[in-house]
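Just below is one structure, and these are the notes that go with it.
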2 protein chains.
Amino acid sequence: MTSSTRSTQPRRRSDATRAAILRAARERFAADGYERATIRAIAADAQIDPSMVMRYYGSKEGLFAAAAEFDLRLPDLTSVPPARLGEVLVKHFLARWEGDETLVALLRAASTNPGAAERMRGIFADQLTGAVATFGADPTLTARRAGLVASQILGLAFTRYIVRLPPMVDTTPDELVSWVAPTLQRYLTGTPPS
Amino acid sequence: MTSSTRSTQPRRRSDATRAAILRAARERFAADGYERATIRAIAADAQIDPSMVMRYYGSKEGLFAAAAEFDLRLPDLTSVPPARLGEVLVKHFLARWEGDETLVALLRAASTNPGAAERMRGIFADQLTGAVATFGADPTLTARRAGLVASQILGLAFTRYIVRLPPMVDTTPDELVSWVAPTLQRYLTGTPPS
DNA sequence: GACCGTTGCCAACACATGTTGGCAAACACT
DNA sequence: AGTGTTTGCCAACATGTGTTGGCAACGGTC
């Protein structure tokens, strides 16, 4: 993180400010949602002037687009035993966003901001469906399987991180995994109901 | 709906206006979320002056509180064969909010409005847990079962009505029921994982 | 018909928001 | 040292927000 990760770019002097803005933006968007997270509050958190946000990210929409850049980083599912797909997926998701508030920000914003909803759709329609499509031929059935997986995964995130339902907050990740894994397993590889 | 349902109240002349406001508020809150749904827009939809909203509901928070009044109307689960509990529950939920946008309004608002999240918690912690608690003794296990059910139910609603994931929107309610029912069934009556 | 509470609208306030333009200091480069 | 670019801040604008007070018209009651 300290040294340069990519030397093709000219490495501007304002990179630290840009990063501070982005970090504050993710925090605020995750905590308050799109409309309640004001540019002034984000700028205050990053300890810079609100106009800097505009210069570096163009608009609030632009800032959100940059802050909500997100990759599911799904592992290669072809090398996973088919019977353990559900378990691998839940574990991955829980670990993935337990330490990264980007998805929480996206989740909160998706409820009210059309652009965020669009991005959410893209992530779960493209990335997840793509990973699921490695097995199974029927495309509509594949999409439906992916959609069902998304419904349980997002429901888990929604009740645990957004609404904060007490039983969903108190339960340990391991315990959640063992409850939810069979669900995803059936959605992924189970025989379709009549 | 046309005649008086309760004659103990004095039946004011402004009841029609009150109802129009409430209906418009539910629509706007469901479509736009709490912050984007402005009192002016709601008043315009109801074809009255914005100040009327304040007079009859006190504040925007008060209006939302009135508009988001919601009862799950869970059926009596003791008279349902235990093996069909999952199916009955999904069917009930889908039917319940497919024709009533109150829950969609509450769902959208719960992402950004603390009061709405609190109410959501109350609904699913009290009403659902209460209905589930009719069988099983261990209270924490009961709460966990209810939480898991809520996660799948709310995930279903979130992906279908809020994010509008194409596969979740296109699938018919009947098909969703046959996919999701076994999940709830296991959450409710399945043996806990080790 | 006089009176009083109710219903409704208009205009305005106080405030917060996203956004913009200008200006001083710091820097990079010759 | 001198010059052009970058970084940052200040002040302000335009707009939209929830909210309030006053005032006319209406409806029922004596």
(message) What contact category does A:Ser51 fall into here, base, sugar-phosphate, or nothing, at under 4.0 angstrom with non-hydrogen atoms?
(response)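 Base contact - A:Ser51 has a heavy atom under 4.0 Å of at least one base atom.
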(message) What contact category does A:Tyr56 fall into here, base, sugar-phosphate, or nothing, at under 4.0 angstrom with non-hydrogen atoms?
(response) sugar-phosphate
Could you tell me how far apart [X] ([atom1]) and [N] ([atom2]) are, to the nearest whole angstrom?
X	N	atom1	atom2	value
B:Ile21	C:dG8	CD1	C1'	11 Å
B:Ile48	C:dT6	CD1	C1'	16 Å
A:Asp49	C:dG18	CG	C1'	13 Å
B:Arg55	C:dG5	CZ	P	14 Å

(request) Check every nucleotide of DNA chain D for an atom under 4.0 Å from a heavy-atom of chain B, then give the first and the last such nucleotide from 5' to 3'. (result) D:dT17 to D:dG27
Assess, by modelled atom type and distance only, whether the side chains of [X] and [Y] contain a donor and an acceptor separated by less than 3.5 Å.
X	Y	result
A:Thr112	B:Arg108	no
B:Ser111	A:Ser111	yes
B:Tyr187	A:Thr183	yes
A:Asp138	A:Thr140	yes
B:Thr172	B:Asp174	no

(request) Would you jot down, in residue-number order, the residues of residues 33-44 of chain A having a non-hydrogen atom under 4.0 Å from DNA chain D? (result)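 Those residues are A:Arg40.
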(message) With a 4.0 Å cutoff (strictly under), does any side-chain N or O of B:Thr17 reach OP1 or OP2 of C:dT7?
(response) no
(message) By the definition salt bridge (Lys or Arg N to Asp or Glu O under 4.0 Å), identify the one residue from A:Arg26, A:Arg28, A:Arg23 that meets it with A:Asp45.
(response)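 Result for salt bridge (Lys or Arg N to Asp or Glu O under 4.0 Å) with A:Asp45: A:Arg28.
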(message) Can you tell me how the ring of A:Phe29 sits relative to the ring of A:Tyr34, calling it parallel under 30°, perpendicular over 60° and tilted otherwise?
(response) parallel
(request) If the plane angle is over 60° it's perpendicular, under 30° parallel, otherwise tilted; pick one for A:Phe124 and A:Phe93. (result) parallel
